[in-house]
Amino acid sequence: MEDKPPNFIGSKTWIGSFEIALCIDKFYDVPCKLVHVRRGGELLQKVDELYLHFDTLGSPVMMGGDNDNASKGILGMCSGAENHYLLVLDPHYSGKTLDKGYAHREGWVAWKRLDLFDQNSFYNFCLPQWKGV
């Protein structure tokens, strides 16, 4: 993608939401919208924007941060009486195809309240601008 120095090739360095956006655009010709949240405590300010994305496009969202640097796939969101939740898919799974029950029991897919994300970590969201089928 030419956004990294040559010594990046073959390294164990992770890429983030920005780099994912570059790859999706280049390899699949799907532009992405990047949404930055300065601190996890500000995730509530992005609820409407995320709802709009899932309501209009429905494509999965990639999420990454700094203190909370575990990549996450976001498959949807919902709101309860007191909290908002993201449906988080852990993209680090490898192996046989997951069935829903196993994925849920083992924590590969779970609803996570917004207030449980690291309140001091920044977060970047990559929202592919492609309407899911």
Side-chain angles (χ1 to χ4, degrees):
M1 302 303 300
E2 300 180 11
D3 66 312
K4 302 279 184 248
N7 64 350
F8 182 81
I9 297 172
S11 73
K12 303 264 187 218
T13 304
W14 291 93
I15 63 172
S17 298
F18 173 75
E19 292 85 0
I20 292 294
L22 293 176
C23 291
I24 291 173
D25 188 32
K26 179 176 177 83
F27 297 123
Y28 297 101
D29 198 27
V30 174
C32 296
K33 178 178 180 179
L34 292 168
V35 175
H36 178 72
V37 178
R38 292 180 304 163
R39 298 180 333 102
E42 298 174 5
L43 283 167
L44 282 173
Q45 297 172 9
K46 302 300 178 183
V47 165
D48 290 341
E49 190 167 4
L50 290 170
Y51 265 121
L52 180 63
H53 174 81
F54 287 117
D55 284 344
T56 58
L57 296 172
S59 57
V61 170
M62 283 63 70
M63 179 183 183
D66 61 348
N67 294 342
D68 177 6
N69 59 9
S71 300
K72 297 161 188 62
I74 308 301
L75 303 178
M77 67 180 307
C78 71
S79 296
E82 298 179 18
N83 289 297
H84 300 282
Y85 301 82
L86 295 178
L87 182 57
V88 178
L89 166 73
D90 185 339
H92 301 97
Y93 176 81
S94 64
K96 66 178 185 161
T97 303
L98 288 172
D99 68 69
K100 289 189 295 185
Y102 179 82
H104 180 70
R105 279 191 312 277
E106 298 299 316
W108 293 105
V109 177
W111 288 102
K112 185 170 180 181
R113 286 189 349 227
L114 286 187
D115 62 346
L116 294 179
F117 286 92
D118 187 323
Q119 299 299 292
N120 296 310
S121 181
F122 77 72
Y123 288 101
N124 287 322
F125 292 88
C126 171
L127 289 66
Q129 300 298 288
W130 180 76
K131 185 158 182 70
V133 182

Non-hydrogen atoms of P128 and V30 that approach each other most closely: CB-CG1, 4.2 Å
Spacing of L114 atom CG and S79 atom OG [to the nearest 0.5 Å]: 8.0 Å
More than 12 heavy atoms of other groups within 6.0 Å of F18 CZ: no
Smallest separation among heavy atoms of D66 and S121, with atom names: OD1-OG, 2.9 Å
Atom pair CE/NZ of M77 and K112 - distance to nearest 0.5 Å: 14.0 Å
Joint hydrophobic cluster, W111 plus F117, side-chain heavy atoms closer than 4.5 Å: no
Side chain to side chain contact (heavy atoms under 4.5 Å, CB included) between H53 and S59, worked out: CA-CA 8 Å; H53 174 81; S59 57; 3.2 Å; yes
S71 versus P91, closest heavy-atom pair with distance: O-CD, 3.3 Å
H104, NE2: over 12 other non-hydrogen atoms inside 6.0 angstrom: no
Set of salt bridge (charged side-chain N to carboxylate O under 4.0 Å, His left out) partners for K4, sequence neighbours left out: E19
Qualifying residues under salt bridge (charged side-chain N to carboxylate O under 4.0 Å, His left out), relative to D90, sequence neighbours excluded: none
Within 6.0 angstrom of D55 CG, more than 12 heavy atoms from elsewhere: yes
Residues V61, C126; criterion side chain to side chain contact (heavy atoms under 4.5 Å, CB included); working and verdict: CA-CA 6 Å; V61 170; C126 171; 5.8 Å; no
Atom of R38, atom of E42 and distance for their closest heavy-atom approach: NH2-OE2, 3.2 Å
SG on C32 to CH2 on W130, rounded to 0.5 Å: 12.0 Å
Single hit among D118, N67, D68 for side-chain hydrogen bond (donor to acceptor under 3.5 Å, both in side chains) with Y123: D68
Plane angle bin for Y102 and Y93 - parallel if under 30°, tilted between 30 and 60°, otherwise perpendicular: perpendicular
Whether over 12 other heavy atoms sit under 6.0 Å from D29 CG: no
Identified side-chain contact (heavy atoms from CB on, under 4.5 Å) counterpart of L43 within the set L86, L50, D115, V37: V37
Same cluster (ILVMFWY, side-chain, under 4.5 Å), V88 and L127: yes
Within 6.0 Å of CZ in F8, more than 12 heavy atoms from elsewhere: yes
L75 with Y85, same ILVMFWY side-chain cluster at under 4.5 Å: yes
Atom pair CD (E49) and NZ (K33), whose distance is rounded to the nearest 0.5 Å: 3.5 Å
K131 side chain vs T56 backbone, donor-acceptor pair below 3.5 Å: yes
ILVMFWY network linking L89 to L87, side-chain heavy atoms under 4.5 angstrom: yes
ILVMFWY cluster, F27 and I20 together (side-chain gap under 4.5 Å): yes
Shortest non-hydrogen contact between S17 and L34, atoms and distance: O-CD2, 3.8 Å
